[in-house]
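Structure first, then comments.
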Number of protein chains: 2
Amino acid sequence: MTTAEENYLKAIYHLSEGGKKSVSTNDVAGAMKTKPASVSDMLRKLGEKEVIEYRKYYGVHITDEGKKQALQTIRKHRLWEVFLVDKLNFAWDEVHEVAEELEHIQSPLLIQRLDAFLNYPKFDPHGDPIPDEFGDVKAKPRLVLNEMEIDQMGQIVAVKDSSAAFLKYLDKVGAYIGARIKILDKTDFDGSIEILVDQKKNLFMSKEVAANILIQQS
Amino acid sequence: MTTAEENYLKAIYHLSEGGKKSVSTNDVAGAMKTKPASVSDMLRKLGEKEVIEYRKYYGVHITDEGKKQALQTIRKHRLWEVFLVDKLNFAWDEVHEVAEELEHIQSPLLIQRLDAFLNYPKFDPHGDPIPDEFGDVKAKPRLVLNEMEIDQMGQIVAVKDSSAAFLKYLDKVGAYIGARIKILDKTDFDGSIEILVDQKKNLFMSKEVAANILIQQS
DNA sequence: TCATTTTTTTAGTCTAGGCTAATTATTATT
DNA sequence: AATAATAATTAGCCTAGACTAAAAAAATGA
Ligand SMILES: [Mn+2]
Ligand SMILES: [Mn+2]
Ligand SMILES: [Mn+2]
Ligand SMILES: [Mn+2]
């Protein structure tokens with residue numbers, strides 16, 4: 001698999017995650033920031049490699065083999081992110097782009113040793129689970145913050161958006177992975193919410209922000 | 001610079017190292033394991049970027065700017081090799097191929113942090129000096145083992161060949177960076193030599209092997 | 001249902017980096 | 001100095017991965 005193929009397959013995997021059976025050409029183009037015409041071409045190639053099932057005009061469905069390969073790339077991406085944050089003192093908003101390159105280095109030994117060196121981490125700096133070498137991820141149920149009800153409580157365990165802009169914003173307002181939160185108020189009009197962080201700090205946030213924060217109930 | 005351009009420029013830099021003013025198309029093709037026709041094409045491109053001076057039919061000369069860029073790639077390569085050996089417990093014969101990929105990751109911050117994490121190493125696992133961030137290398141005079149005379153002494157400080165085959169051979173016979181050696185005998189007929197390692201072990205080696213071992217006199 | 005809109009694919013073009021075969025320049029040898 | 005050998009370049013082709021414009025299929029909705 002080339003770097004481009006790995007990136008496409010990973011995008012298709014992520015687009016399929018919400019349990020969607022099929023992913024459209026336009027969806028992939030959006031995720032990859034390429035044109036639909038380029039996507040059609042790539043889908044044909046990935047179809048021939050049998051990592052996806054591709055029916056012209058009807059979108060694409062990732063195969064078990066494809067899922068396995070995508071999870072390997074994701075594993076590598078997240079392990080490198082842990083390395084950058086834990087060992088090289090990168091901030092959590094600085095790691096995504098570099099990991100996007102590092103994930104394509106081809107060396108099973110490297111990843112095995114890196115995993116050991118990092119002490120077999122289970123989550124990356126954004127709270128996302130790291131698949132094991134067989135592609136198994138232990139997924140605990142998580143809620144999206146903007147869908148929680150008043151008085152519900154929980155802990156921030158992950159973010160959906162790993163862009164520097166979003167993560168810097170969270171840093172600024174004091175939201176972080178592990179923070180204990182409680183829903184204080186919700187505004188029907190715009191969907192914005194008010195939460196209590198660590199039993200001491202009130203925090204208002206827009207629906208857009210809350211929709212990118214994942215909560216686990218304790 | 002693309003990965004391919006970086007690899008070519010590095011090869012040209014290494015081929016120029018012996019003080020040779022100009023490097024031939026065939027030399028580059030040999031080092032890169034590509035055909036001369038492909039090299040001609042690349043030389044034109046590198047010439048346009050002014051990292052080399054290219055006169056058709058008369059070989060190529062690396063510019064100061066080219067040297068600077070090559071040294072940055074070499075710096076990255078060698079830092080990654082140190083990381084693999086010191087932190088991930090790779091053997092010195094296992095690192096070259098992986099470093100060949102890692103050296104192309106584009107992130108100045110990454111290299112700066114990696115350097116600090118490794119405690120600013122001055123040499124890679126093969127004894128080669130690591131250029132600093134300005135491209136400066138501190139080069140101490142080194143002799144090639146097969147050119148030394150009987151009774152001369154010194155320390156193995158580096159190897160010229162970083163292939164797994166060669167390094168595994170050195171492991172097997174007990175030669176390593178840092179070993180103190182003394183020339184016991186030389187055979188004119190085939191250039192083979194006998195050395196004493198660490199004042200206790202006699203070691204015979206062919207001219208070919210000795211020609212890839214670098215000695216610093218103490 | 002049938003026309004319009006939207007989505008997707010195809011056709012054709014481009015660049016990077018390879019290749020082979022043919023040509024040309026340089027170097028070596030009579 | 002002329003010819004032969006060698007080295008290097010050019011010409012033409014290929015694949016991967018992008019793109020635009022045109023064509024075709026599917027979805028929408030009057
Ligand atoms: Mn990537
Ligand atoms: Mn992440
Ligand atoms: Mn390389
Ligand atoms: Mn090395």
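Naming convention: chains lettered A, B, ... in sequence-line order (proteins, then strands); numbering from 1 in each chain.
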Got more than 12 heavy atoms from elsewhere within 6.0 Å of NZ, A:K56?
no

NA contact type, [X], heavy-atom cut-off 4.0 Å: base, sugar-phosphate, or nothing?
| X | answer |
| --- | --- |
| B:T34 | sugar-phosphate |
| B:T25 | sugar-phosphate |
| B:A4 | sugar-phosphate |

Pair B:H126 + B:H96: ring centers closer than 6.0 Å:
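No - the distance between ring centres of B:H126 and B:H96 does not fall below the 6.0 Å cut-off.
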
Could you state the atom-to-atom distance from [atom1] of [X] to [atom2] of [N] in whole Å?
| X | N | atom1 | atom2 | value |
| --- | --- | --- | --- | --- |
| B:R55 | D:dT9 | CZ | C1' | 15 Å |
| B:L43 | C:dG17 | CG | P | 13 Å |
| A:D27 | C:dT7 | CG | C1' | 11 Å |
| B:R44 | C:dA16 | CZ | C1' | 11 Å |
| A:Y58 | D:dA24 | OH | C1' | 13 Å |
| B:M1 | C:dG17 | CE | C1' | 15 Å |
| B:M42 | D:dT10 | CE | P | 16 Å |
| A:K45 | D:dA18 | NZ | C1' | 10 Å |

Regarding the side chain of B:P36, the nearest nucleotide among C:dT8, D:dT9, D:dG17 is D:dT9

Nearest to the B:A37 side chain among C:dG17, C:dA21, D:dG17, which nucleotide is it?
C:dA21

Using the six-membered ring wherever Trp is involved, compare the ring planes of A:F117 and B:F117 and label them parallel, tilted or perpendicular (cut-offs 30° and 60°).
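The rings of A:F117 and B:F117 stand perpendicular, inter-plane angle above 60°.
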
Within the pair [X] and [N], is there a side-chain N or O less than 4.0 Å away from OP1 or OP2?
| X | N | value |
| --- | --- | --- |
| A:N26 | C:dT6 | no |
| A:Y54 | C:dT9 | yes |
| A:S38 | D:dA18 | no |
| B:S24 | D:dA7 | no |
| B:K33 | C:dG18 | no |
| B:K56 | D:dA7 | no |
| A:K35 | C:dT8 | no |
| B:Y8 | C:dG18 | yes |

Could you check A:R75 against A:D132 for salt bridge (Lys or Arg N to Asp or Glu O under 4.0 Å), going step by step and ending with a plain yes or no?
CA-CA 7 Å; A:R75 169 175 163 76; A:D132 69 18; over 6 Å; no

Could you walk me through whether B:Y8 and B:Y13 pass the ring-ring contact (aromatic ring centres under 6.0 Å, His included) test, one step at a time?
CA-CA 9 Å; B:Y8 270 97; B:Y13 174 86; over 10 Å; no

Let me know, please, whether A:Y57 or A:D41 comes out on the 5' side of the other along DNA chain D by nearest nucleotide.
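With A:Y57 and A:D41 compared, the 5'-side residue is A:D41.
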
Are any side-chain N or O atoms of B:K207 and backbone N or O atoms of B:G191, one a donor and one an acceptor, separated by less than 3.5 Å?
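Checking the backbone N and O of B:G191 against the side chain of B:K207, no donor-acceptor pair under 3.5 Å is found.
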
